[in-house]
Amino acid sequence: MPCFGCAGAGWRGVLLCDGYAAYRRLAAPDRPGGLATLACSWAHLRREFYKLRDAGVSQTATWTIARMADLWAVEARVKGCDPQTRLNARGAASAPIVDELQMRWESELTGISGKSKLAEAIRYGLSRKAEFRRFLEDGRVELDNNSVERAIRPQTITRKNALFAGSEAGGQSACDADRPTMFAGGGSRDGLTDSRTAFSKPA
C-alpha cells in the first residue's frame, strides 16, 4: 500500500479537512508533483468548544460558539453565489470575526492551565491559523466539510456494524442484506463471493 503522502501524487489543489496530522504530508515542499493547500473545517473546531459549552465550564467556549454562529450566518447569505461574491462578503463580515476569535483565544491561553480541555481546543485552532483562514482567501473553499461527512456516514456506520456480526452466519446474513446495494453500485456477484471466501480463510 502506498504511503499517505504519496497518494494522489501530482494532484495539486485545496483539501478541506480536519486537523489529522497525516494531511500535512500533502503540503510538504518535497511532495511528488508539488504541494497541496490545506484548509481546515471550522465544524471540527466548533465541536470541541460545543463540549465545553454544554458542560457549562467555560464562558470563553460559550462566547466562541456564539461568534462562530455568525460565520455560518454569513455563509448562509452567500450560499450559491460565485466565488468572488463569497470572498467579498467574507472579507467584510467574516474576517473581523475570525480576527476577534483568534485574539480572544491567544489572550485566554495565557491565563489558563495548559492541560485543560479549553487550552487543547484553543491550541487546535491557533496551531492551524493559516488553514482556518483559508476560506477568507479563496471563495471556492467552504467553511466546513459537513456535506462530505454526511455523504460518507452510511459507509462508516456499515463498517462499524460489520465488526459486530457475532458469527460467520451473522456475517453471511449481513452480506446478503447489503448485496442489492453493492450490485447497484456496479459490484459483481463473483467479486462478492471472492471477498467472502478470502475473509473466511484463517489468517
Side-chain angles (χ1 to χ4, degrees), residues 4 7-28 31 33-54 60-106 121-160 180-182 184-187:
F4 183 85
W11 175 84
R12 286 185 292 177
V14 179
L15 177 65
L16 181 59
C17 56
D18 59 19
Y20 181 46
Y23 291 133
R24 292 188 177 273
R25 300 181 192 174
L26 298 177
R31 177 174 174 264
L35 55 84
T37 301
L38 301 183
C40 276
S41 167
W42 279 79
H44 289 271
L45 178 58
R46 181 174 60 173
R47 287 171 196 157
E48 300 306 312
F49 286 99
Y50 258 132
K51 296 173 186 176
L52 296 169
R53 185 204 64 174
D54 291 347
T60 294
T62 301
W63 173 85
T64 293
I65 292 299
R67 294 304 282 140
M68 283 185 176
D70 293 332
L71 293 178
W72 268 273
V74 175
E75 294 304 299
R77 292 199 298 269
V78 297
K79 185 177 181 179
C81 294
D82 62 90
Q84 189 59 51
T85 299
R86 283 153 55 103
L87 192 60
N88 293 342
R90 290 168 175 175
S94 300
I97 297 172
V98 174
D99 291 340
E100 186 182 3
L101 283 165
Q102 293 180 339
M103 285 190 293
R104 171 75 175 260
W105 296 338
E106 289 173 345
I122 290 175
R123 282 196 299 268
Y124 180 87
L126 292 180
S127 64
R128 300 168 178 83
K129 259 188 178 182
E131 289 89 343
F132 278 112
R133 298 185 72 93
R134 199 77 67 194
F135 80 108
L136 300 174
E137 304 166 356
D138 189 336
R140 299 170 302 168
V141 177
E142 299 292 341
L143 185 67
D144 62 62
N145 60 355
N146 286 343
S147 60
V148 174
E149 292 201 347
R150 285 193 293 269
I152 67 174
R153 186 168 293 128
Q155 287 79 10
T156 303
I157 293 174
T158 298
R159 182 188 66 203
K160 289 182 178 179
T181 302
M182 296 179 71

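The structure displayed is predicted, hence computed values, not measured ones.
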Nearest heavy atoms of V74 and S94, plus distance in Å: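 Heavy-atom minimum between the residues: CG1-OG, 3.4 Å.
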
Nearest non-hydrogen partners of P96 and G91, listed with the distance: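 Heavy atoms only, the tightest pair is CD-O, 3.9 Å.
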
Enter the distance from [X]:[atom1] to [Y]:[atom2] here, rounded to the nearest 0.5 Å.
| X | Y | atom1 | atom2 | result |
| --- | --- | --- | --- | --- |
| R86 | E75 | CZ | CD | 6.0 Å |
| Q84 | D82 | CD | CG | 7.0 Å |
| L45 | D144 | CG | CG | 12.0 Å |
| R90 | D138 | CZ | CG | 8.0 Å |
| R140 | L16 | CZ | CG | 12.0 Å |
| L136 | L87 | CG | CG | 8.0 Å |

W63/L101 under side-chain contact (heavy atoms from CB on, under 4.5 Å): CA gap, chis, key distance, verdict: CA-CA 9 Å; W63 173 85; L101 283 165; 3.7 Å; yes

With side chains defined as the heavy atoms from C-beta onward, is the minimum distance between [X] and [Y] less than 4.5 Å?
| X | Y | value |
| --- | --- | --- |
| D18 | Y124 | yes |
| W42 | R47 | no |
| F135 | V98 | yes |
| N145 | H44 | yes |
| T37 | L15 | no |
| Y50 | I65 | yes |
| R53 | T64 | no |

Distance-only polar pair, side chains of T85 and N88, donor-acceptor under 3.5 Å: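 No.
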
Derivation and outcome, salt bridge (Lys or Arg N to Asp or Glu O under 4.0 Å), residues K129 and E106: CA-CA 11 Å; K129 259 188 178 182; E106 289 173 345; 2.5 Å; yes

Non-neighbouring partners of E131 that pass side-chain contact (heavy atoms from CB on, under 4.5 Å), sequence neighbours left out: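 R24, L38, C40, R128, R134.
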
Any pair counted as ring pair (Phe, Tyr, Trp, His ring centres under 6.0 Å), so long as it reaches residues 69-105, sequence neighbours left out: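 Checked against ring pair (Phe, Tyr, Trp, His ring centres under 6.0 Å) - neighbours excluded - the pairs reaching residues 69-105 are F49-W105.
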
Residue R123 excluded, over 12 heavy atoms near CZ under 6.0 Å: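 Above 12, so yes.
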
Counterpart residues, side chain to side chain donor-acceptor pair (under 3.5 Å), relative to R133 (two or more places apart):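 Side chain to side chain donor-acceptor pair (under 3.5 Å) check on R133 returns D99, Q102.
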
